Amino acid sequence: MKIMVINGPNLNRLGKRKKEHYGTFTLEDLQAMIIDYAHNLDASIAVDFMQSNHEGEIIDCIHQLEEAEYDGCIINAGAYTHYSYAIRDAIESMAIPFVEVHLSDVENREAFRRVSVIEPVCTTRFLGEREASYFKAIQWLHEAK
């Protein structure tokens, strides 16, 4: 199984911003935790990562997933979650499952964070459990295959 994890704007700042919401780990730490979790679940799971602060780069990555034969994608679109119809449309055009994740509980934060324009085109979502949100997404994709 081959999974892409896309992290959007400001996730490269993990460990430096709002530790009460996002924890103290860095993006590199998070990626290592995800790889460890996936390999412990099933050694055949391959996980690749992409992080960008640029909407077009995220869209380009999404467009390449089917051609690159990914079985699924986990996406934390950061602030783009709340207003990027372009990312929403890119996800909608794909035939593979997308899982929306968030480190913090966006349902119980500022009002603007409670709206996800990508939720309707993602298969499921996990939020508010920091790294465990990603682990649950890996588990879900593994079981769905």
Side-chain angles (χ1 to χ4, degrees), residues 1-15 18 21-110 112-145:
M1 172 169 229
K2 192 172 164 183
I3 299 170
M4 174 62 77
V5 177
I6 298 174
N7 285 298
N10 297 311
L11 280 128
N12 58 309
R13 303 281 301 157
L14 286 177
K18 294 203 175 202
H21 291 296
Y22 306 115
T24 58
F25 50 83
T26 66
L27 182 60
E28 293 77 18
D29 295 335
L30 177 60
Q31 291 172 347
M33 289 186 274
I34 292 168
I35 289 170
D36 286 345
Y37 180 85
H39 288 173
N40 287 330
L41 180 62
D42 183 335
S44 70
I45 298 174
V47 184
D48 294 319
F49 299 93
M50 183 273 192
Q51 187 280 324
S52 180
N53 296 316
H54 305 282
E55 185 178 37
E57 288 180 5
I58 294 169
I59 292 166
D60 289 343
C61 180
I62 291 168
H63 288 170
Q64 296 168 13
L65 294 176
E66 288 175 339
E67 184 177 310
E69 299 182 358
Y70 281 90
D71 298 297
C73 181
I74 297 167
I75 184 165
N76 182 341
Y80 289 137
T81 299
H82 315 295
Y83 67 89
S84 179
Y85 291 99
I87 290 174
R88 181 198 186 283
D89 290 348
I91 293 169
E92 186 177 42
S93 75
M94 296 291 108
I96 64 171
F98 276 72
V99 179
E100 177 186 353
V101 299
H102 297 283
L103 294 163
S104 69
D105 183 359
V106 294
E107 298 281 324
N108 289 303
R109 291 188 58 197
E110 303 92 337
F112 77 90
R113 292 187 198 276
R114 296 178 194 145
V115 174
S116 170
V117 300
I118 68 171
E119 181 181 9
V121 294
C122 289
T123 311
T124 191
R125 73 194 302 227
F126 298 99
L127 52 99
E129 297 186 72
R130 295 194 179 157
E131 67 274 10
S133 297
Y134 289 83
F135 301 163
K136 288 181 175 185
I138 296 271
Q139 177 77 36
W140 190 92
L141 286 169
H142 183 260
E143 291 174 2
K145 184 170 186 215

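FYI, the numbering just counts along the sequence from 1. Since we're looking at a predicted model, the values are computed, not measured.
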*Asks:* Taking salt bridge (Lys or Arg N to Asp or Glu O under 4.0 Å) as the test, write out the residues that go with Glu92, two or more places apart.
*Replies:* Arg88
*Asks:* List in chain and number order the residues that pass side chain to side chain contact (heavy atoms under 4.5 Å, CB included) with Glu129, two or more places apart in sequence or in another chain; answer none if no residue qualifies.
*Replies:*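 So Glu129 forms a side chain to side chain contact (heavy atoms under 4.5 Å, CB included) with Ala132, Ser133, Lys136.
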*Asks:* Evaluate the criterion side-chain contact (heavy atoms from CB on, under 4.5 Å) for residue pair Ile74 and Ile34; output intermediate values, then yes/no.
*Replies:* CA-CA 11 Å; Ile74 297 167; Ile34 292 168; 5.9 Å; no
*Asks:* With sequence neighbours left out, which residue pairs that include part of residues 30-40 fulfil the side chain to side chain donor-acceptor pair (under 3.5 Å) condition?
*Replies:* Tyr37-Gln139
*Asks:* Step by step, work out the side-chain contact (heavy atoms from CB on, under 4.5 Å) result for Cys73 and Ile6.
*Replies:* CA-CA 7 Å; Cys73 181; Ile6 298 174; 3.7 Å; yes
*Asks:* Can you tell me how far the CD1 atom of Ile118 sits from the CG atom of Asn76, to the nearest 0.5 Å?
*Replies:*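 Atom-to-atom, Ile118:CD1 and Asn76:CG are 8.0 Å apart.
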*Asks:* Heavy-atom distance under 4.5 Å between the side chains of Ile75 and Ile62, does that happen here?
*Replies:*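 The answer is yes, as the side chains (C-beta and beyond) meet within the 4.5 Å cut-off.
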*Asks:* So, using ring-ring contact (aromatic ring centres under 6.0 Å, His included) as the criterion, who are the partners of Tyr134 when residues are at least two apart?
*Replies:* none
*Asks:* Is Asn53 close to Asn12 at the side-chain level, that is, under 4.5 Å between some pair of heavy atoms?
*Replies:* yes
*Asks:* Quick one: does any side-chain atom of Thr81 pair with a main-chain N or O of Gly78 as donor and acceptor, under 3.5 Å?
*Replies:* yes
*Asks:* Can you find a pair of side-chain heavy atoms, one from Ile59 and one from Ile87, that are under 4.5 Å apart?
*Replies:* yes
*Asks:* If you take all heavy atoms of Val99 and Ala137, which pair is closest and at what distance?
*Replies:*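 Scanning both residues completely, I find the closest heavy atoms to be CG1-CB, 3.5 Å.
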*Asks:* Sequence neighbours left out, what pairs pass ring pair (Phe, Tyr, Trp, His ring centres under 6.0 Å) with at least one residue falling in residues 41-76?
*Replies:* none
*Asks:* Would Leu30 and Val5 count as a side-chain contact (heavy atoms from CB on, under 4.5 Å) if you check the C-alpha gap in whole Å, the side-chain angles of each, and the deciding distance to 0.1 Å?
*Replies:* CA-CA 11 Å; Leu30 177 60; Val5 177; over 6 Å; no
*Asks:* Quick one: does Tyr80's side chain have a donor or acceptor within less than 3.5 Å of a partner on Glu55's backbone?
*Replies:*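 Judged by distance alone, yes, a pair lies under 3.5 Å.
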*Asks:* Can you sort out the partners of Asp42 under side chain to side chain contact (heavy atoms under 4.5 Å, CB included), two or more places apart, ordered by chain and number?
*Replies:* Ser44, Ile45, His142
*Asks:* For side-chain contact (heavy atoms from CB on, under 4.5 Å), just list the numbers for Leu11 and Leu103, CA-CA rounded to whole Å, side-chain angles, deciding distance to a tenth of an Å, and then say yes or no.
*Replies:* CA-CA 10 Å; Leu11 280 128; Leu103 294 163; 3.9 Å; yes
*Asks:* Looking only at non-hydrogen atoms, find the nearest pair between Glu131 and Met33 and report the distance.
*Replies:* CG-SD, 4.0 Å
*Asks:* I want to check something: taking the side chain as every heavy atom from C-beta on, are Leu127 and Arg125 in contact at a cut-off of under 4.5 Å?
*Replies:* yes
